[in-house]
Amino acid sequence: MKVGIVGAGMVGAATANALVLGRAADAIVLVDIDRRRAEAEAEDVRHASPFAGGARLLAGDWADLAGAGVVIIAAGVGQKPGESRLELLARNEAVFEDVIPKVLEAAPDCVLLVATNPVDVMTSVATRISGLPAARVVGSGTILDTARFRACLAGHLEVAPGSIHAYVLGEHGDSEVLCFSAAHIGGIPLSAFAAQAGRPLDEAAMARIDEEVRRAAYRIIAGKGATWYGIAAGLARIVRAIDADERALLTVSSVGAAADGGPPLAMSLPRLVGRGGILRTLEPRLDAREQELLQRSAAVLRAAVGTRPESTP
Ligand SMILES: NC(=O)C1=CN([C@@H]2O[C@H](COP(=O)(O)OP(=O)(O)OC[C@H]3O[C@@H](n4cnc5c(N)ncnc54)[C@H](O)[C@@H]3O)[C@@H](O)[C@H]2O)C=CC1
Ligand SMILES: CC(=O)C(=O)O
């Protein structure tokens, strides 16, 4: 499949590299207002391609997105140290007003895959501007937070992250919800597994893991200015699910029924992803406290979306 990437900064370039190394695309087109940057990144990643599947890399114009099955939007500003994702909204909404119509003119049949922050609100914005059905506008949502959660649990429990079924839902941001209650390893609830493994998951351990996941971006941004490897791997995972029509269960964002029972809103829930984007949204089974936190997260996003007109699924 041909994949377009709009925004050839740290996230866009790392995603191109992850797609190449993961053999998740045949051709990748990088588009950026900074054409020189896009060309340099395309050339650099092109030199990784012979070590993997040989995907073609191009820095192009909008018209070069023609035929792309997925177009990833990673254009816009990122957080400065200490800044929250929601503070980026006004600046990145202006970028989307510019780029989304150009993408759709060139690639009217693509799935839009949104990475730009605040990613849930930007998914709502992209759905509104594009006029596409909600299923075709996928936000990376909490796919990264879910990976961080599994990585932390894997470290604590000394088990492979791939054997852990655990999810982060809600906002990709400060109000996200780590769902401990439904998490399991091989069908064994997390707490029972932890006891068997001699690695108790008490309140203190859960609070430490929560803090580690929720504050990960702030720590990384304080240390190196931005984050890119984790989200790049997550975006490549979503592209693979779409391309191979996997019906994979991923925590991604899309405008749809919200946890607070209000009008449609983009937030992360467990969703089946395959050809065409979101195929189905599942209702998570949470304990009462997590359910309440998820409703609060929806309220935070609803306040951020404000009075913007929403696209309904
Ligand atoms: N969803 C997630 O989990 C994550 C999201 N992000 C977000 O991804 C976005 C990009 O981050 P970085 O790559 O680090 O930023 P960056 O500053 O390195 O790259 C952004 C690129 O967008 C380009 N751009 C800006 N306006 C444009 C326009 N109108 N048309 C075409 N290109 C345009 C810039 O020239 C720049 O090359 C940020 O909003 C950041 O917060 C970052 C990490 C994780
Ligand atoms: C920057 C960002 O959203 C993250 O790393 O989670």
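In each ligand, atom 1 is the first atom listed, and ligand 1 is the first ligand listed.
Heavy-atom distances between R37 and ligand 1 stay at or above 4.0 Å for every pair.
Protein heavy atom at the shortest distance from atom 14 (O) of ligand 1 is M10 CB, 3.7 Å. Taking atom 11 (O) of ligand 1 as the reference point, the nearest protein heavy-atom neighbour is V11 CG2, 3.6 Å.
At a 4.0 Å heavy-atom cut-off, ligand 1 touches I33 through backbone and side chain alike. Both the backbone and the side chain of D32 come within 4.0 Å of ligand 1, counting heavy atoms alone. For I231, every heavy-atom contact with ligand 1 shorter than 4.0 Å involves the side chain, none the backbone. In L144, the part holding a heavy atom less than 4.0 Å from any atom of ligand 1 is the side chain. If you look at R85 next to ligand 1, there are no close heavy atoms at all, none under 4.0 Å. Only the backbone of V77 comes within 4.0 Å of ligand 1, counting heavy atoms alone; no side-chain atom from C-beta on gets that close. The backbone and the side chain of A75 each have at least one atom closer than 4.0 Å to an atom of ligand 1 (non-hydrogen atoms only).
When all heavy atoms of A68 and C110 are compared, the closest pair comes out as O-CB, 3.4 Å.
N17 and Y229 share no side-chain donor-acceptor pair at under 3.5 Å.
Contact atoms of ligand 1 toward V99: 28 (C), 29 (N), 30 (N) (distance under 4.0 Å to a heavy atom of the residue). Short contacts between ligand 1 and G78, defined as distances under 4.0 Å to a heavy atom of the residue, involve ligand atoms 38 (C), 40 (C), 41 (O). The atoms of ligand 1 that sit less than 4.0 Å from any heavy atom of A115 are 1 (N), 2 (C), 4 (C), 5 (C), 6 (N), 7 (C), 8 (O). When each atom of ligand 1 is checked for a heavy atom of G9 under 4.0 Å away, the hits are 13 (O), 16 (P), 18 (O), 19 (O), 21 (C), 37 (O). Contact atoms of ligand 1 toward N92: 39 (O) (distance under 4.0 Å to a heavy atom of the residue).
Sorted by chain then number, the residues whose non-hydrogen atoms approach ligand 2 to under 4.0 Å are Q79, R85, N117, L144, R148, H172, A217, T227.
When only interatomic distances are considered, the shortest N/O to N/O separation between T227 and ligand 1 does not fall below 3.5 Å. Residue contacts with ligand 1: H172 is placed with a nitrogen or oxygen under 3.5 Å of a nitrogen or oxygen of the ligand (distance criterion only).
In this structure, the side chain of R46 engages the main chain of L57 through a donor-acceptor pair within 3.5 Å.
Within the 4.5 Å cutoff, side-chain heavy atoms of P263 are placed close to those of R302.
Remark: aromatic rings of Y167 and F180 are distant, center separation not under 6.0 Å.
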